[in-house]
S.K.: 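Mind having a look at this structure? Questions to follow.
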Amino acid sequence: MDATSFAEALDFAIGREKAAVDFYRELAALASFAVQRSTLKEFMTMEEGHVAMLSAMKARGGLELSSAIAVDLGLAKALAADEKPAAGMSFQDILVAAVKKEERSGELYVSLAAASLNPEAKAVFERLVAEESRHKRYFEELYEAHIARDN
Amino acid sequence: MDIKDFIAPFAVWKRAFEKPFTVKKPIDERPGAPRYRGFHINDAERCVGCGTCEAICMNKAIDLVPVEGREAKEGDSGLRPRVDYGRCCWCALCVDICPSGSLNMSNEYLWIDSDPDVFRYTPGVDKKPWDGAELGYRRAEGYRLLDEQRVPMAELGHREAVKSFLELVQGYSRAQAEKEADRCVSCGLCIASCPAHMDIPGYIKAVREGDLDTGLRLLYETNPFPEACGRICTHLCEGACSIGTGGDPVAIRWLKRYIADQVELSAYAKALPRAEPSVGKKVAVVGAGPGGLSAAYYLALLGYEVKVYEKDGEAGGMLRYGIPEYRLPYPALDKDIGYIESLGVTIKRGVAIGKDLSLSDLRRDYHAVYLSTGLPVAYGLEVPGDKHPRVLDGVAVLAAATRGEELGLGKRVAVIGGGNVAMDAARTALRHGAAVDILYRRREEDMPADADEIREAKAEGARLIEKSIPVEVKDAAGALAGKAALFVWNEAEMVQKEEGKRPVPEAIPGALREELYDSIIAAIGQGPDLSYVTEEDGVPMKRFKPLVDARGMASPGASPKGGAIFAGGDLVNDRKDAISAIADGHRAALSIDRHLSGKGA
Ligand SMILES: Cc1cc2nc3c(=O)[nH]c(=O)nc-3n(C[C@H](O)[C@H](O)[C@H](O)COP(=O)(O)OP(=O)(O)OC[C@H]3O[C@@H](n4cnc5c(N)ncnc54)[C@H](O)[C@@H]3O)c2cc1C
Ligand code: SF4
């Protein structure tokens, strides 16, 4: 990506969050029963919140994201590479997909920050790395509490 | 008048110039003897407010009173003893009996005040000069009014145990049970910690008095699974028992089992309440585990017509298909279930809701529906290679063992996980002659399984490999391909990454280990199967859980569309043990009754 300015960097991030909304929407279309759909809807609404938040920041021309990187629970690394959930998806399948997605986003922003020559864009990407680490942490905690209770 | 009477006053005057026999300030120089029984001192932190001192005091000089800033919590009533010195006779029985040893006496005996009210105070709470006194009355070393040790339970030795699926714990004889029941001081601290709030001191008293019919009736007031719970309950009550503060807690679980074991099923009806006359309403229960069947029992008692739908061939849920028979023999479980059925509860075995019938069918045909479908979905390892044919799921292995199927686990078995399922799977594999490794991501003290289970699994020969993060499953080479697998894990160290949170296992770079196993049993956790609930059922759900209110109600339903829906048990609560599912079922039955009868709506 050739993000040279603050606005372009944010546009890129907003695009990614919109793709995340679509990600959950597609999964919801695949889902075969109610609790899958309500869970996916909850996560989709969260991503819509991120789109709205970033869009508002872009309009205001200032980035109000914390630079605090969340503690890595190390689960994402341990989980198997993505397997796209299918109609019978369990809560585990959904959470694995979510953790992996956040992990990919974080990695992408790390490389974008490293590649950015423009300091403004670099700062945006660095904040987004932190933001994604917090999203990943959120799903990792859900995974620990609901899925890997016995391990 | 006698001459002596005349002289006597002059004789007394003579004494006025002699050294007096008494001293001016007699007390200063006369401290109490080192073990004098003076005013009480109490270590308010150690005291659990059990009230045994209050009960033993024959002068009624002790009252348990609320104390500012101290709340009731598990194993602590939050109350503390207040002593009234207008009544106390300094016999020190309270000190001798105190289970925690917190109550003692200083050797201070002098306290002068014109206000009589001050002579009633709460030691350890109301500050006094003798607080922390070194001298005074203490219970003599080795002298106990209470027996510190519980009556030992006969159990199969570990070597013997792994040779068969025979029940490990043999049960108390009458003499043993009565002796153990004698240790209970009836403080009742245990009641609050039991999710079903069983009348524990009440049924222990019944054991002591040999009145087992009363004991059984008290058990059934809040728990229709005494045979099962008398064996496998997580016995939170024993953690709260005040006797446990200075010795072994009373063996509450074994005493419960004793009562249920002693009364024949055919004699239950005589001891237990009869069902109310029919109220003319029908309730469907989905799932014949302990939660669903408890709801069914209490609804039947209240006069409802109850049908339980169970997808499996037998009733009992995880008590039958999860817990192995060496911990809970099937005849004991059958006895509990048999009595519930004898009240007219119908169990439709082999009928899956969502497949054979829909939830909306039930809503249409019944006035209310109770969902207690538990956690039947085993979660996977989620590491590369976890679909290998030798990677098995723990719950499925245990269910196959219950059905008497050939398990074919092989000689070397790995069990991944540290919960109840992992321990039972490991011990089942040991009984099938396998060498077993249990691999757990954190440390032994972090394992969610019952500590007794972990200890026994190890004693029976399982090797525990802590701090092992699953990395990969690889197929075995050569002739063993497809028949055995290599389990690869990364050794970890526990890192305290955040203040106040539990430490996280972090892989040690390069510390990869692998072993060849004939079977790898994954037991990392289970989830619900809610595929039978549709949007039309109106059950709000979050994170794969129905949301219920304080009554256990998930959806009020509407008369034209159908009955209200309630839910509970493992599906809903966080504790995920049998007694919590039973408590949920009981609560739901009462709520359904209130809802349908319009009482207290
Ligand atoms: C291996 C193992 C060991 C355990 N050890 C202990 C222990 O030592 N102590 C303890 O207190 N607890 C223990 N537990 C937990 C305990 O078994 C559960 O907490 C308890 O059984 C939960 O009761 P429940 O009624 O909520 O669900 P379950 O017992 O799971 O029963 C649910 C029932 O619903 C049925 N069902 C599910 N879906 C449908 C459907 N769509 N239609 C019809 N029927 C359906 C299932 O077949 C099952 O019979 C253990 C669990 C396991 C798995
Ligand atoms: S069993 Fe223990 S906690 Fe319960 S009443 Fe008896 S002494 Fe108190």
Side-chain angles (χ1 to χ4, degrees), chain A residues 28 30-46 68-100 103 133-134 136-151, chain B residues 354 375 377-387 394 416-423 439-442 447-449 469-472 490 492 495 497-498 501-502 504-507 522-537 539-546 574 576:
Chain A
L30 266 182
S32 55
F33 48 90
V35 74
Q36 298 167 323
R37 284 188 283 272
S38 67
T39 305
L40 291 164
K41 177 135 193 292
E42 180 193 336
F43 296 166
M44 194 171 89
T45 312
M46 211 167 76
I69 303 249
V71 165
D72 181 8
L73 295 186
L75 277 174
K77 271 194 279 317
L79 295 174
D82 338 28
E83 224 175 87
K84 195 116 173 148
M89 65 188 100
S90 67
F91 197 21
Q92 181 178 34
D93 299 330
I94 294 175
L95 282 178
V96 169
V99 170
K100 282 300 201 187
E103 187 189 35
S133 76
R134 289 192 293 275
K136 176 161 74 74
R137 165 65 189 255
Y138 173 82
F139 287 115
E140 281 187 331
E141 275 190 350
L142 283 184
Y143 193 92
E144 290 252 10
H146 295 270
I147 311 298
R149 281 173 64 98
D150 282 355
N151 199 33
Chain B
L375 305 174
V377 176
Y379 290 137
L381 287 176
E382 282 297 332
V383 294
D386 65 355
K387 304 290 178 289
I416 320 301
N420 271 328
V421 179
M423 296 309 114
L439 293 106
Y440 179 58
R441 211 156 59 91
R442 300 168 186 270
M447 288 167 79
I469 300 178
V471 172
E472 194 182 351
N490 204 321
V495 183
K497 291 193 172 183
E498 282 163 294
K501 296 229 169 169
R502 63 176 186 162
V504 175
E506 195 162 81
I524 71 152
Q526 296 99 245
D529 179 357
L530 281 164
S531 56
Y532 64 90
V533 183
T534 66
E535 273 89 356
E536 288 69 47
D537 296 317
V539 176
M541 290 182 282
K542 190 166 183 192
R543 299 190 182 149
F544 272 64
K545 244 190 207 190
D574 287 330
K576 314 216 180 294

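Note on naming: letters A, B, ... go to the chains in the order of the sequence lines (proteins, then strands), and numbering restarts at 1 for each one.
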S.K.: Could you walk me through whether Ile524(B) and Gln92(A) pass the side chain to side chain contact (heavy atoms under 4.5 Å, CB included) check?
M.R.: CA-CA 11 Å; Ile524(B) 71 152; Gln92(A) 181 178 34; 4.1 Å; yes
S.K.: The criterion is ring pair (Phe, Tyr, Trp, His ring centres under 6.0 Å); which residues satisfy it with Tyr532(B), sequence neighbours excluded?
M.R.: none
S.K.: Could you have a look at Lys497(B), Gln526(B), Glu506(B) and say which one has the most heavy-atom pairs with chain A under 4.5 angstrom?
M.R.: Lys497(B)
S.K.: Got Asp150(A) and Arg441(B) here, is their nearest side-chain heavy-atom distance under 4.5 Å?
M.R.: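 Counting from C-beta outward, Asp150(A) and Arg441(B) never come under 4.5 Å.
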S.K.: Which bit of Glu144(A) comes within less than 4.5 Å of chain B, counting heavy atoms only: side chain, backbone, both or neither?
M.R.: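 Looking at Glu144(A), just its side chain touches chain B.
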S.K.: Under 3.5 Å, side chain of Glu42(A) to main-chain N/O of Lys542(B), donor-acceptor pair present?
M.R.: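 Answer holds: no.
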S.K.: Mind checking whether Phe91(A) and Phe544(B) have parallel, tilted or perpendicular rings, split at 30° and 60°?
M.R.: parallel
S.K.: By a 4.5 Å heavy-atom criterion (distance strictly below it), what part of Leu142(A) contacts chain B: side chain, backbone, both, or neither?
M.R.: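 Only the side chain of Leu142(A) comes within 4.5 Å of chain B.
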S.K.: Evaluate the side-chain proximity of Asn151(A) to Ile416(B): yes if any heavy-atom separation is below 4.5 Å, no if none is.
M.R.: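 Side-chain contact under 4.5 Å: yes.
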S.K.: At a heavy-atom separation under 4.5 Å, does Ala523(B) approach chain A through its side chain, its backbone, both, or neither?
M.R.: backbone
S.K.: Please look at Val383(B) and chain A and tell me whether the side chain, the backbone, both or neither of the residue comes under 4.5 angstrom of a heavy atom of that chain.
M.R.: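 Both backbone and side chain.
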S.K.: What I want to find out is whether Glu498(B) reaches Arg137(A) closely enough, with some N-O distance under 4.0 Å, to be called a salt bridge.
M.R.: yes
S.K.: With side chains defined as the heavy atoms from C-beta onward, is the minimum distance between Glu382(B) and Val99(A) less than 4.5 Å?
M.R.: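 No, side chains not in contact.
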S.K.: So what's closer than 4.5 Å to chain B heavy atoms on Ser90(A): side chain, backbone, both or neither?
M.R.: both
S.K.: Go through the atoms of Ser531(B) and report whether side chain, backbone, both or neither lie under 4.5 Å from a heavy atom of chain A.
M.R.: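 Contact with chain A is through both the backbone and side chain of Ser531(B).
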S.K.: Under 4.5 Å, counting heavy-atom pairs only, tell me which of Arg543(B), Lys576(B), Glu535(B) racks up the most with chain A.
M.R.: Arg543(B)
S.K.: Between Gly380(B), Pro546(B), Ala449(B), Gly418(B), which has the largest tally of heavy atom pairs under 4.5 Å with chain A?
M.R.: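 Of the options given, most contacts go to Gly380(B).
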S.K.: Going by the rule ring pair (Phe, Tyr, Trp, His ring centres under 6.0 Å), which residues pair with Tyr143(A) if we only count those two or more places apart in sequence or in a different chain?
M.R.: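 Result, ring pair (Phe, Tyr, Trp, His ring centres under 6.0 Å) vs Tyr143(A): none returned.
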